Novice: 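Structure below; questions to follow.
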There are 2 protein chains.
Amino acid sequence: MRLDDIDLKVLLALIKDPRIQISELADEVGVARNTAQSRLRRLQRAEILRDGGRDIDLSKLGYDVLAFVTLEVNHRDLDSVITALRQIPNVLEIHETSGRGDVWVRLIATDTHQLQSALRQILRIKGVTRSETTFALHTHLAYRAAPLLEHYAEHDH
Amino acid sequence: MRLDDIDLKVLLALIKDPRIQISELADEVGVARNTAQSRLRRLQRAEILRDGGRDIDLSKLGYDVLAFVTLEVNHRDLDSVITALRQIPNVLEIHETSGRGDVWVRLIATDTHQLQSALRQILRIKGVTRSETTFALHTHLAYRAAPLLEHYAEHDH
DNA sequence: CAAATTTTTGAACAAACTGCTCAAATTCTA
DNA sequence: TAGAATTTGAGCAGTTTGTTCAAAAATTTG
């Protein structure tokens with residue numbers, strides 16, 4: 001499915017506040033309330049908005065390639081490396097790690113070509129000395145926290 | 001902050017449907033509308049619900065230890081390994097990977113002791129031959145997709 | 001244990017919001 | 001350019017929301 005400008009604005013508004021009201025959403029996107037309503041419905045029906053709107057299924061938008069990148073970094077340059085990584089839209093998540101590598105990155109792309117390009121950007125960052133890329137071939141369990149919370153309840157009674 | 005039963009039910013209802021209406025939420029949780037409203041407000045104010053409710057800050061609930069676990073698995077047992085991993089509440093995410101290891105797991109715990117216990121559970125699973133754990137010391141960028149979506153717009157105009 | 005404090009409840013109200021329909025206007029597509 | 005699809009704005013009835021408040025219930029504290 002291809003998103004137009006309105007869809008994108010709807011998604012961005014929902015990311016900012018998933019509980020936004022339809023009328024406010026319409027205002028923010030700059031369309032009639034009816035339009036906002038039907039766009040939202042369509043996005044939910046297409047399951048681009050999963051779980052009623054909690055998060056966005058990027059694979060449905062063509063982002064099929066997911067990779068985990070482990071970086072080795074000169075410790076002196078760590079802050080600037082983080083800053084540079086943040087600028088890359090394909091970088092969805094950054095953690096400082098101990099063990100193998102110093103920084104762990106979640107990287108997403110539409111295809112391996114785009115991934116390659118993002119990886120080049122990363123390797124060009126001053127202070128990055130080495131990288132290792134692992135491809136996620138299949139998501140067996142997308143991020144979920146519900147069982148943990150249910151467990152939290154039992155744990156303390 | 002310590003959550004009671006009502007808070008947990010509120011969070012679980014919001015995970016299921018972040019756009020649930022207050023009155024329906026109150027019904028589902030089994031409290032008065034006023035109570036549901038004030039609990040929701042409190043959770044947002046405490047920033048346990050981030051971004052107005054999109055996702056839950058588990059570190060605020062005491063889950064301070066985050067680790068990425070890479071597993072080597074006998075390919076014959078892959079399905080049953082995945083099934084077993086799913087049963088563990090501390091496992092938040094599972095991907096099949098190529099490259100280093102066959103399965104990648106996001107694991108969370110309140111402390112290293114609890115982590116150790118979860119790791120033991122994992123290693124006991126039939127078919128898991130080896131594991132490697134990387135600790136996430138600091139989250140420099142929590143999952144975000146907004147910049148990617150903004151970029152998506154530019155990309156095709 | 002009893003008093004003090006906090007939380008929950010239910011009721012009430014006005015204002016706002018929702019889902020829905022519809023016909024006209026606009027935009028997109030073939 | 002004609003036909004199809006989408007958007008718009010208006011209207012309407014019904015629901016939901018935010019708010020306030022006092023009583024009841026639950027929790028904490030001395």
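By convention in this document, chain letters (A, B, ...) are assigned in the order of the sequence lines, proteins followed by strands, and residues within each chain are numbered from 1. All values reported here derive from a predicted model rather than from experimental measurement.
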Novice: How do B/E24 and A/R42 order along DNA chain D: which one's closest nucleotide is nearer the 5' end?
Specialist: A/R42
Novice: Decide yes or no for A/V103 and A/T70: does some side-chain heavy atom of the first lie under 4.5 Å from some side-chain heavy atom of the second?
Specialist: no
Novice: Does the side chain to side chain contact (heavy atoms under 4.5 Å, CB included) test come out yes or no for A/L148 and B/V91, once each step is laid out?
Specialist: CA-CA 8 Å; A/L148 190 69; B/V91 168; over 6 Å; no
Novice: With a 4.0 Å cut-off on N to O distance, would you call B/R106 and A/E93 a salt bridge?
Specialist: yes
Novice: May I ask you to test the B/V128-B/V81 pair for a side-chain heavy-atom distance under 4.5 Å?
Specialist: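 B/V128 vs B/V81: side chains touch.
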Novice: If we fit an axis to the first five pairs and another to the last five of the helix from C/dC1-D/dG30 to C/dA30-D/dT1, what angle do they make, to the nearest 10°?
Specialist: 70°
Novice: Do B/D64 and B/D111 have side-chain heavy atoms sitting under 4.5 Å apart?
Specialist: no
Novice: What is the distance from CD1 of B/I20 to C1' of C/dT18, rounded to the nearest Å?
Specialist: 16 Å
Novice: In residues 31-41 of chain A, what residues come within less than 4.0 Å of DNA chain C, judged by heavy atoms?
Specialist: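 Contacting residues: A/R33, A/N34, A/Q37, A/R41.
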Novice: Do A/V65 and A/I108 have side chains that approach each other closer than 4.5 Å (heavy atoms only, starting at C-beta)?
Specialist: no
Novice: With heavy-atom distances below 4.5 Å as the criterion, would you say the side chains of B/D57 and B/L49 are in contact?
Specialist: no
Novice: Nearest whole angstrom, please: distance from the C1' of C/dT18 to the CD1 of B/I22.
Specialist: 15 Å
Novice: Provide the start and end nucleotides, 5' to 3', of the part of DNA chain D that has atoms under 4.0 Å from heavy atoms of chain A.
Specialist: D/dT7 to D/dG11
Novice: Side-chain contact test, heavy atoms from C-beta onward, threshold under 4.5 Å: evaluate it for B/L71 versus B/V69 and give yes or no.
Specialist: yes
Novice: Quick one: sort the B/F68 and A/H95 rings into parallel, tilted or perpendicular, breaks at 30° and 60°.
Specialist: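 Ring orientation, 0 to 90° scale: perpendicular.
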Novice: Please report the distance, rounded to the nearest Å, between CD in A/Q44 and C1' in C/dG19.
Specialist: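 Rounding to the nearest Å, CD of A/Q44 and C1' of C/dG19 are 14 Å apart.
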Novice: Just the rounded figure in Å: distance from P of C/dT26 to CD1 of A/I6.
Specialist: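 After rounding, the gap between these two atoms is 16 Å.
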Novice: Can you find a pair of side-chain heavy atoms, one from B/L107 and one from B/L66, that are under 4.5 Å apart?
Specialist: no
Novice: Just wondering, are more than 12 heavy atoms of other shown residues or ligands nearer than 6.0 Å to CG in A/D27?
Specialist: yes
